[in-house]
Amino acid sequence: MSKEWENETAEELLKEELGLIRDKRPIDRILFGTIAVLWALFQLALPRLVVLDSVTVRAIHLAFAVALVYLGYPISKHKRRIKFLHAVDRIPIIDFFLAAAAVTAVLYVVFDYEGIASRAGRPIGRDLVFGFVMILLVLEASRRVIGMPLGTIAVLFTAYAFLGPYLPHFIAYRGVSVSKYLSQIALSTEGIFGIPLDVSANTVFLFVLLGALLNRTGAGFYFNDLAISLLGRYKGGPAKASVVSSGLTGLVSGSSIANVVTTGTFTIPLMKKVGYPGRIAAATEVAASTNGQLMPPIMGAAAFIIAEYLSLPYMEVVRAAAIPAFVSYFALFYITHLEASKRGMEGLPKEECPPFWTVLKGGFHNLIPLFVLLYELMIMRHSPKLSAFTAIVTLFVVHLAREIFLAVRKKESPLKASWAVVLLVGKGMIEGSRNMLTVALATATAGIVVGIVNMGIGSMIVQVVEYMAMGNIFLLLFITAVASLIIGMGLPTTATYIVMASITVPIILQLGGGMGIIIPAIAAHLFCFYFGILADDTPPVGLAAYTAAAIAGSDAIKTGIQGFIYDLRTAVIPFMFIFNPDLVLQGVRGWPVSMLIFVMAIFGAFAFTNAVQGWFLRQNRWYEIPVLLLASFILFNPGFFAGLFGIAHELRFMLYPAGLAVYGGVYLMQRVSLKAAV
């Protein structure tokens, strides 16, 4: 399979996933591209060059987003009798009008900032009109770029706010006036212009832009080649390479689908080549790409929102998420080994794997911006947006210098090479802006839900959910997990997290305290975050599964089911760190203890994986599965067993050898039985 075909397939799949199909007329492409580049330049100017108040930044950010949505996405992608409703080969007049109206309504809070502030809570007629138009057009923009589910949730919450007094007693609410609703949702920083949109505008955009630029300069393909050169020749090598390359791509991409497209077009055909069925190959890529949003230091957009909600430095969120994320990836790597062992598969022929050092040196320039980002975040302790800005500037300088050097060496025009770099960066800006549309509209629309919850409805919803959980923290966590998976089928991860966290986190903390279980707030937020991510491959809707299945030529539903089975090792981890804060390093100080927890958690994940996959050194006997699960539980949460046997909590780590002994016992039994069989 040629690289040209692979690149073309990747572009088509990503374009289909994004839904942007108005690109047939040059004038439309130029208009969309110009606005997208201007948006990227505006965001790049914020960390160093331009100082604006937060409301203005949020409004301009959203204005760019809604303009691009109305110009790039048709009212409907399905043909209707009324042609202007499904124009996909041009931008119809109605969408120019809607784009202008949406931008004007969104920027109204900037145009009349002082007036709105002076009459806070007492909006005049003009305020109400612009507020109503803005909410309506933001919901429509959200429908076009994300789909119906998120807007439907916002409308249902709105209906609850107004119809509350007329509902049955146990879910009744006092209700709100139109004036209060529009003032809260559209004219304050408690609704659409709330914290989620602020994080999207000030932080997430630059990281998405960095990822898009790295992708354009070939970093995604470099990570893939690096993984193949390192692991391709080993048992199940292409699958192991898929896990590593998706993890590396996850460093710069917050999208599961984009990750599948970037790495899957290479790794899935290679997995099939060594004997993996299409369903297994696609599911492996889905599981690896889905977890890309967990990978520190650049996690999904929701991670930045967690930091803002909890008023924590972003690196504290990264620190808390590090062990669960890496444990999850180690476990998936182990799954690929078990699958290869079960099927008796080998790796790629050595001659088909490029030399590691050659690949590493050939694309080392792709790693320099990432090193700079890590240095800025971890050593200099700069803010995420400033760190991302510095990494983007570094990427541009490195790539420009490299292309000029290559041009001089080849005796070509340095000016022409420089212009090619500028064009490449421009395409990266367009891609970054396009990728941001989902995040920007998701945070704005989710802000409607958050604003309604903050109007007092939240306490009512908390009572209802608590009633459903019957005061049991375990049942509540199960309800939260299932609800996140269901809601996340039609929502981006960020929106799923915002909706679920605003409703369930307070109850998780409250019920846990009532049962004498101290649950750190960051653990509760990460719980919602994890299950929002897992929804990307949950059938029947998981978009990542559909994308991978299209590449593999497999059934999308079966691919999603298999991917979800693989993701069970990720699904169990949030339940573990809720009851064992050691896993999110709460109250843990010092590298030795942190590394001990990390290593034991890896063995715990391995034991769980052996149980779920039904294979260790051979197929498990039925009685070995509960023993493996016991070993996993001890290694994940020794504190539980310390309490069970009356051992002081400070001595809980002394139980790790017991967990290893149980796990090792199964290993020895299987090894002996294999020798006896020979």
Flag the pair [X] / [Y] as yes when at least one side-chain heavy-atom distance between them is below 4.5 Å, and no otherwise.
{"X": "Cys528", "Y": "Thr504", "answer": "yes"}
{"X": "Phe64", "Y": "Ser433", "answer": "no"}
{"X": "Leu31", "Y": "Phe96", "answer": "yes"}
{"X": "Leu150", "Y": "Thr496", "answer": "no"}
{"X": "Tyr73", "Y": "Asp95", "answer": "no"}
{"X": "Thr189", "Y": "Arg58", "answer": "yes"}
{"X": "Met378", "Y": "Val318", "answer": "no"}
{"X": "Leu310", "Y": "His525", "answer": "yes"}

Please give me the minimum heavy-atom distance between [X] and [Y], naming the atom from each residue.
{"X": "Ala548", "Y": "Val286", "result": "CB-CG2, 3.3 Å"}
{"X": "Leu370", "Y": "Phe223", "result": "CD1-CZ, 3.6 Å"}
{"X": "Val499", "Y": "Ser502", "result": "O-OG, 2.9 Å"}
{"X": "Ile91", "Y": "Asp28", "result": "N-OD2, 3.4 Å"}
{"X": "Val106", "Y": "Ala63", "result": "CG1-N, 3.8 Å"}
{"X": "Tyr70", "Y": "Ala102", "result": "CE1-CB, 3.8 Å"}

Set out, in order, the CA-CA distance, both residues' side-chain angles and the distance that settles side chain to side chain contact (heavy atoms under 4.5 Å, CB included) for Met436 and Trp39, then state yes or no. CA-CA 10 Å; Met436 266 304 296; Trp39 189 14; 3.9 Å; yes
How about [X] and [Y]: does a side-chain donor come under 3.5 Å of a side-chain acceptor?
{"X": "His61", "Y": "Ser200", "result": "yes"}
{"X": "Ser418", "Y": "Glu403", "result": "no"}
{"X": "Ser328", "Y": "Thr570", "result": "yes"}

Within the side chain of [X], is there an N or O that forms a donor-acceptor pair under 3.5 Å with the backbone of [Y]?
{"X": "Arg381", "Y": "Glu376", "answer": "no"}
{"X": "Arg143", "Y": "Thr152", "answer": "no"}
{"X": "Thr445", "Y": "Ala442", "answer": "no"}
{"X": "Arg48", "Y": "Ala45", "answer": "no"}
{"X": "Asn215", "Y": "Gly211", "answer": "no"}

Measure the spacing between [atom1] of [X] and [atom2] of [Y] and express it to the nearest 0.5 Å.
{"X": "Ile305", "Y": "Phe529", "atom1": "CD1", "atom2": "CZ", "answer": "9.5 Å"}
{"X": "His365", "Y": "His399", "atom1": "NE2", "atom2": "NE2", "answer": "6.0 Å"}
{"X": "Asn454", "Y": "Ser188", "atom1": "CG", "atom2": "OG", "answer": "9.0 Å"}
{"X": "Ile448", "Y": "Ile185", "atom1": "CD1", "atom2": "CD1", "answer": "6.5 Å"}
{"X": "Ile392", "Y": "Leu210", "atom1": "CD1", "atom2": "CG", "answer": "5.5 Å"}
{"X": "Ser142", "Y": "Leu137", "atom1": "OG", "atom2": "CG", "answer": "12.5 Å"}

Aromatic ring proximity, centroids under 6.0 angstrom, Tyr530 and Phe577: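 Ring centroids of Phe577 and Tyr530 are less than 6.0 Å from each other.
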Taking NZ, NE, NH1 and NH2 as the nitrogens, is one of them in Arg144 or Glu140 under 4.0 Å from a carboxylate oxygen of the other?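 Result for this pair is yes, salt bridge flagged.
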Carefully, step by step, assess Asn366 and Val398 under the rule side chain to side chain contact (heavy atoms under 4.5 Å, CB included). CA-CA 9 Å; Asn366 290 298; Val398 167; over 6 Å; no
Take Lys385 and Leu46 through the side chain to side chain contact (heavy atoms under 4.5 Å, CB included) test and state the conclusion after the steps. CA-CA 9 Å; Lys385 68 177 180 180; Leu46 292 177; 5.5 Å; no
Is Phe330 atom CZ crowded by more than 12 heavy atoms from other residues, nucleotides or ligands, each under 6.0 Å away?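 Counting other residues, nucleotides and ligands, CZ of Phe330 stays at 12 neighbours or fewer.
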Step through the shown structure and confirm whether more than 12 heavy atoms of other residues, nucleotides or ligands are within 6.0 Å of CZ on Phe42.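 Atom CZ in Phe42 is packed in, count exceeds 12.
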Tell me, with the steps shown, if Phe326 and Leu294 meet side chain to side chain contact (heavy atoms under 4.5 Å, CB included). CA-CA 9 Å; Phe326 283 104; Leu294 303 176; over 6 Å; no
Measure the acute angle between the ring planes of Tyr309 and Tyr497, then classify it against the limits of 30° and 60° as parallel, tilted or perpendicular.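 Tilted, since the angle between the ring planes falls between 30° and 60°.
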Residue pair Phe531, Phe527: steps toward the ring-ring contact (aromatic ring centres under 6.0 Å, His included) verdict: CA-CA 7 Å; Phe531 281 98; Phe527 186 91; 5.0 Å; yes
